[in-house]
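Residue numbering restarts at 1 for every chain, and letters A, B, ... go by the order of the sequence lines.
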Amino acid sequence: MERYNFKDFEQKWQNNWNEKKLFRAKLDKNKKKFYCLEMFPYPSGNIHMGHVRNYTIGDVLSRYKKLQGFNVLHPMGWDSFGLPAENAAKQNNLDPKIWTQTNIERMKFQLKKLGLSIDWEREISTCSPDYYKYQQIFFLELFDKGLVYRKESYVNWDPIDQTVLANEQVIEGKGWRSGAIVERKKLNQWFFNITKFSQELLDGLDKLDQWPNKVKTMQKNWIGRSFGCEINFKIEGDLPVNEIKCYTTRPDTLFGFSFLAVSPDHPISTFYNENKEFLKFKDDCSKTGTTEESIAQAEKIGFKTNLLAINPLNNKKVPVYFANFVLMDYGFGAIFGCPAHDQRDLDFANKYNLEILPVVKPENEDNTFKITKLAYTGPGLIFNSDFLNDLKAPNESISETIKILENKNIGKKKINFRLKDWGISRQRYWGCPIPIAYNKQNEALKIPLESLPIKLPDKINLNTTGNPLEHAKEWKNIKINGEDCVMETDTLDTFVDSSWYFLRFCSPKNDKYGFSKDEVDYWMPVDQYIGGVEHAILHLLYSRFFTRALENKNNEFNITEPFLGLFTQGMVCHETYKNEDGAWLNPKEVESSNGKDYFVKGNPKKRVKVGTSESMSKSKKNTIDPEEMITNYGADAVRLFILSDSPPEKDVQWSDQGMLAAYKFIQKFWLIHQSIKNEIFSTNENKMENTVEMEFQKFTNEIIDKITKNLNNFHYNVIIANFHETYNFLSKLKINKIKKSILSENYLKILTIMSPVIPHIASECINQIQNKDETNWPNIDKKFLEKKKLQIVVQLNGKKRGLITCDANTDEDQLLTLIKSDGQYKKFFKDMKIIKTIYVKDRLVNLILK
RNA sequence: GCCCUCGUGGUGAAAUUGGUAGACACAAAGGACUUAAAAUCCUUGCCGCUUGCGGAGUGCCAGUUCGAGUCUGGCCGAGGGCACCA
């Protein structure tokens, strides 16, 4: 028998789908649509196993929905702006455009080999002016809506390279390339006013019932809504400062107020610009470590002013400090210190010998309750607080105190968000130019629509200090309404590019606007979005914001949530290997004879240390090249393996044995297909056996039922198990005892339900049996799901004692008689009485004996 | 520190509503076929009594229930997110 030649067949079917334009999506209002989208890749050079997993999951879903009769939109594009292209171009003296284009072609070739059901006619690339033109239009729309603004903000500045660094380019406080200590520098930058939508973005989460809870809580925490109160404290002292505003979530602890602390960047710090001691203090503040954790655990330090803050409730005067732990960009950059009930305030008070007055006591404590090292943040009763005494903290006391403060005009209720506005300026060449120019008065002017797109200049020298666009003199000079202006040289954060690409896929060729109303109305929202959990916060939140920002004040567009369903897949992992010198080794460079001891390939004396299994990464060299796997085993086998073993939301472990097993499955299946095909087309007449026919039809309908359910729930690993069950069943089936029409009809159903996962071999097998192209997802014939004979569990006192075979719908009494007459239970009934019977229909009987 | 998720054989895992724990696969061991190897097929979770049967068993401790991997409370462990957010 001939082996399955996957190379020929996979090529044959990919050509066939391509020629028939099978995956071209066309707007058809009479058909129900399904928009399946996977996160588009960054064109880094080659696809990796993470892409294979992501796009296989999406492809299985798309093909399944298509078979179910949906009008499926399944597009692909390229997130092609960004730093790696600029760096690679710098290193190799290339044009980023050429580098990117070469990578795209290479990766497109690789993706096509996987046999994905993608409508390639809708391909988009964010670095193309055909794409970013509309992004510039959107930017100006948002500008008009007041959702874009400019303000001074800090950046990471590399003093040697004279360039702005992204956070991930700062390694242990130093520039990744120069190694220089990174400075904070203030620059004028553009922002999207995402905080305007804080509440909406939070509320919207509740409606996203097809999103993982994990992602929703992450977004919730990121938005970080808190309920509290702003309080205006009167100030006395040697400066022209009359009051300082603070934000607090615990106004009920106001009687425990013992200091007021402001951020070193607080506006009142301008009075200390000449004060050497203050400047030294500010310097000390910035010296604490760079990791988030070390910042959080840094020692609390303060700088005492000569100001006094007055407690509005009892007119007590307390000192005012600058403190390193107060953040300028949350609340008002000033806090009221209540050491007894806040750990940070307590640490600070202990260090500077400030009063610690407890005002909340746990229910079981009396008025002698004291605080020393550990702040009390739990519930209890208010005390030491005059007219607030005996209120229940926190629920009753907070709302009651806010009422009193509001009545006295001292403070008012306020809701705060942790979310900050989105800084979108990047001082880089390889990004979307911001369509703004500045006149002589340095006013920001919009570039007129007819001048869009503002294209990136070609053939630019990248080996400059700072942003290469700064040096593009010709490009920078522009006339707006006859006025000489200078272009904005910042480009947009690449997260902006990916915040609306799902809209562009609906109308990729529209040259009037970013999308057309008709098409967006039909295709949006995305029914299923699939991608890595690493985008759980930023990309998804930005996309949700951008969609809302477009919807804002726009009657033509009324979508607020772009992604109806979200699925976050796990990573692809592999063991890591190191040689004796501690250098990483690729799996290809490693060998083992027994699966325990590893050594360098071809050199059994050089031992290899096996490390933990980690997400595949170039730096650890634990990568497997998808293209090579497709060449060796075929796309179907790779698709089969990447879905097997682990549920798609969890990390999956790459294993060579697993890959091989998937390959063997394809080969085994081909053999059994040959015998079934031969039987179907044979002319010899055999004796039919009704029971075999029944058994086959029962199995077919059961497996359709199982696979359909598993597809709907993303239990793709179980589907692979179902395939093995199917193979095991077919290999034992007496196919020559089945009527040919029943055999081919049911076998075709089986091939159809397998086709989303292994489309090439399934198409070939289907094609060998029937000669038409259209196949639909098979319906289940319910009569084959009904069981005639049942095995019912017999439990005695809740413990399984055996199984009993009976007809369906046997009633309790009949069952009891059957059990009593069965010899194997006799010993249990000895000297016992049945005092209770629990009967779960068609499933189990539990007899309680005494 | 706060928030979230998850703990099932040697391994990856499966198990509608609480109702036969371990489907399916990988690995290992034993066996069949073979002159031999490869390939293929069969058997095997643990403990006890050599069969048949009995017992324990889903991180640990308790609870609810006729019945708990599944529900509740507490503890332990692993992973992830946020991080001085007042």
Side-chain angles (χ1 to χ4, degrees), chain A residues 212-222 224-226 228 246-251 253 261 263 288 291-300 323-327 329-338 341-345 347-348 377 416-420 533-534 536-537 594-595 641 644-647 649-653 655-662 664-665 667-668 671 706 709-710 713 715 717-728 731 791-803 824 827 835-849:
Chain A
N213 283 327
K214 179 175 63 174
V215 174
K216 285 192 278 186
T217 21
M218 275 160 78
Q219 294 215 354
K220 218 172 261 177
N221 293 341
W222 188 261
R225 185 190 136 112
S226 74
C246 293
Y247 173 76
T248 177
T249 53
R250 291 304 298 271
T253 61
S263 159
T288 53
T291 64
E292 308 283 14
E293 202 186 342
S294 70
I295 291 168
Q297 271 148 29
E299 198 192 354
K300 314 246 167 313
N324 63 339
F325 66 95
V326 183
L327 304 171
D329 51 7
Y330 184 79
F332 301 102
I335 59 151
F336 95 79
C338 177
H341 305 292
D342 183 291
Q343 193 57 47
R344 291 155 306 179
D345 295 354
D347 294 344
F348 193 79
T377 53
N416 245 338
F417 295 94
R418 211 191 65 103
L419 184 68
K420 291 176 184 73
V533 73
E534 66 273 19
I537 300 176
N594 57 3
F641 170 68
S644 64
D645 287 346
S646 294
E649 69 275 13
K650 267 186 145 183
D651 287 357
V652 66
Q653 178 73 31
S655 94
D656 295 336
Q657 288 96 342
M659 183 62 250
L660 199 64
K664 282 183 189 166
F665 177 83
Q667 294 297 339
K668 285 196 307 191
L671 292 182
K706 281 188 199 173
K709 280 176 182 157
N710 287 328
N713 297 318
H715 293 170
N717 56 324
V718 189
I719 292 175
I720 310 307
N722 295 147
F723 286 6
H724 284 282
E725 278 175 56
T726 306
Y727 172 80
N728 292 342
S731 67
Q791 287 213 306
I792 289 183
V793 180
V794 178
Q795 288 188 349
L796 300 178
N797 287 335
K799 201 178 264 294
K800 183 190 163 196
R801 290 297 174 188
L803 295 168
Q824 64 169 312
K827 57 187 171 188
I835 55 166
K836 197 175 175 187
T837 310
I838 292 116
Y839 176 46
V840 183
K841 195 169 170 293
D842 296 348
R843 210 160 209 159
L844 152 155
V845 179
N846 188 6
L847 302 178
I848 311 304
L849 304 176

Strictly by Watson-Crick or wobble contacts shorter than 3.5 Å, is anything paired with B/U16, and which nucleotide is it? none
Does B/G67 fall in syn (glycosidic angle within 90° of 0) or anti? anti
Measure across A/Val326 and A/Ser263 and return the closest heavy-atom pair with its distance rounded to 0.1 Å. O-CB, 3.2 Å
Identify whether any heavy atom of A/Lys220 sits under 4.0 Å from a base atom; if not, whether one sits that close to sugar-phosphate; answer base, sugar-phosphate or nothing. nothing
Between B/U17 (P) and A/Ile838 (CD1): distance, integer Å: 21 Å
Distance between the P atoms of B/C6 and B/U72, in whole angstroms? 11 Å
Which part of the nucleic acid does A/Ser655 contact within heavy-atom distance under 4.0 Å: base, sugar-phosphate only, or nothing? nothing
Rounded to whole Å, please give me the gap between CD in A/Gln653 and P in B/G79. 15 Å
Rounded P spacing from B/C2 to B/C71 in Å: 25 Å
Against the side chain of A/His724, the closest entry in B/A25, B/G81, B/A86 is B/A25
Once you apply a heavy-atom cut-off of 4.0 Å, does A/Ser226 come out as touching a base, just sugar-phosphate, or nothing? sugar-phosphate
What's A/Val533 touching, base or sugar-phosphate or nothing? Going by heavy atoms closer than 4.0 Å. nothing
Under 3.5 Å for both donor-acceptor distances, Watson-Crick or wobble: does B/U51 have a partner, and if so which one? none
Using purine N1 to pyrimidine N3 plus N6-O4 or O6-N4 for Watson-Crick, or N1-O2 and O6-N3 for G-U wobble, both under 3.5 Å, which nucleotide pairs with B/A28? B/U44
Taking all non-hydrogen atoms of both residues, which atom of A/Asn717 and which atom of A/Ser646 are closest, and how far apart? CB-O, 3.5 Å
Closest heavy-atom pair and its distance - A/Ser226, A/Tyr330: OG-OH, 3.1 Å
Where the side chain of A/Ile848 is concerned, which of B/G19, B/C66, B/A86 is the nearest nucleotide? B/C66
Return no unless some side-chain N or O of A/Asn797 is found under 4.0 Å from OP1 or OP2 of B/G67. no
Regarding A/Asn728, tell me which of base, sugar-phosphate or nothing describes its non-hydrogen contacts under 4.0 Å with the strands shown. sugar-phosphate
For atom CE of A/Met218 and atom P of B/G79, their distance in whole Å: 17 Å
Regarding B/U20, can its base be found pairing with the side chain of A/Arg801 as donor and acceptor, where the two atoms are less than 3.5 Å apart? no
Is any side-chain heavy atom of A/Ile848 closer than 4.5 Å to one of A/Thr837? no
From the options B/C66, B/A86, B/A15, select the nucleotide whose nearest atom is closest to the side chain of A/Tyr247. B/A86
Distance check, P atoms only: B/U58 and B/G10, in whole angstrom units. 13 Å
Would you indicate which nucleotide in B/C24, B/C82, B/U40 comes nearest to any side-chain atom of A/Lys664? B/U40
For B/C84, does the base pair up with any side-chain atom of A/Lys300 as donor and acceptor (N or O, under 3.5 Å, distance only)? yes
To check you understand the geometry: which heavy-atom pair defines the closest contact between A/Met218 and A/Ala536, and what is its length? CE-CB, 3.6 Å
Expressed as a whole number of angstroms, how long is the span from A/Lys650:NZ to B/A14:P? 6 Å
Consider the side chain of A/Glu725, meaning its heavy atoms from C-beta on, and name the nucleotide among B/C66, B/U17, B/C24 that approaches it most closely. B/C24
Using the P atom as the point on both nucleotides, what is the distance between B/G59 and B/U51, in whole Å? 31 Å
If you pin A/Ile537 and A/Leu844 to their nearest nucleotides in RNA chain B, which one's is more 5'? A/Leu844
Among the candidates B/A86, B/G19, B/A21, find the nucleotide nearest to the side-chain atoms of A/Lys800. B/A21
Considering only heavy side-chain atoms of A/Val840, the closest of B/G19, B/U16, B/A14 is B/G19
Kindly point out which of B/A86, B/G19, B/A15 is positioned nearest to the side chain of A/Ile335? B/A86
Please report, rounded to the nearest Å, how far the C1' atom of B/A25 is from the CG atom of A/Leu660. 13 Å
Hey, does A/Asn722 reach any base, or is it just sugar-phosphate, or nothing, if we go heavy atoms under 4.0 Å? nothing
Contact nearer the 5' end of RNA chain B, comparing A/Phe417 with A/Ser646: A/Ser646
Tell me: NE2 of A/His715 to C1' of B/G12, nearest whole Å? 16 Å
Please report the distance separating the C1' of B/C66 from the corresponding atom of B/C60, rounded so that it comes out in whole Å. 26 Å
Is there side-chain contact between A/Ile838 and A/Val845, with at least one heavy-atom pair below 4.5 Å? no
Among the candidates B/A86, B/C26, B/U20, find the nucleotide nearest to the side-chain atoms of A/Ala661. B/C26
Using the ring of A/Phe348 (Phe, Tyr or Trp, six-membered ring only), decide whether A/Lys300 places NZ or CZ under 6.0 Å from its centre and within 45 degrees of its axis. no
For atom C1', what is the distance between B/C46 and B/U64, given to the nearest Å? 30 Å
Return the nucleotide paired to B/A37: Watson-Crick means purine N1 to pyrimidine N3 with N6-O4 or O6-N4, wobble means G-U with N1-O2 and O6-N3, both under 3.5 Å. none
Using Watson-Crick or G-U wobble geometry with both distances under 3.5 Å, which nucleotide pairs with B/G1? B/C82
For atom CD1 of A/Ile720 and atom P of B/A25, their distance in whole Å: 12 Å
Tell which nucleotide pairs with B/A21, taking only Watson-Crick or G-U wobble pairs whose two distances are both under 3.5 angstrom. none
When both distances are under 3.5 Å in a Watson-Crick or G-U wobble arrangement, the nucleotide paired with B/G77 is B/C6
C1' spacing across the pair B/A68 / B/G73, given as an integer number of angstrom: 15 Å
Heavy-atom closest pair (A/Phe641 atom, A/Ser655 atom, distance to 0.1 Å) is CZ-N, 3.5 Å
Give me the atom names and distance for the closest heavy-atom approach of A/Leu844 to A/Tyr839. O-CD1, 3.4 Å
Same-atom distance (P) from B/G7 to B/U16, integer angstrom: 14 Å
For A/Gln657 and B/G12, what is the distance between atoms CD and C1' respectively, to the nearest whole Å? 12 Å
Among B/C3, B/C82, B/G12, the one nearest any side-chain atom of A/Asn221 is B/C3
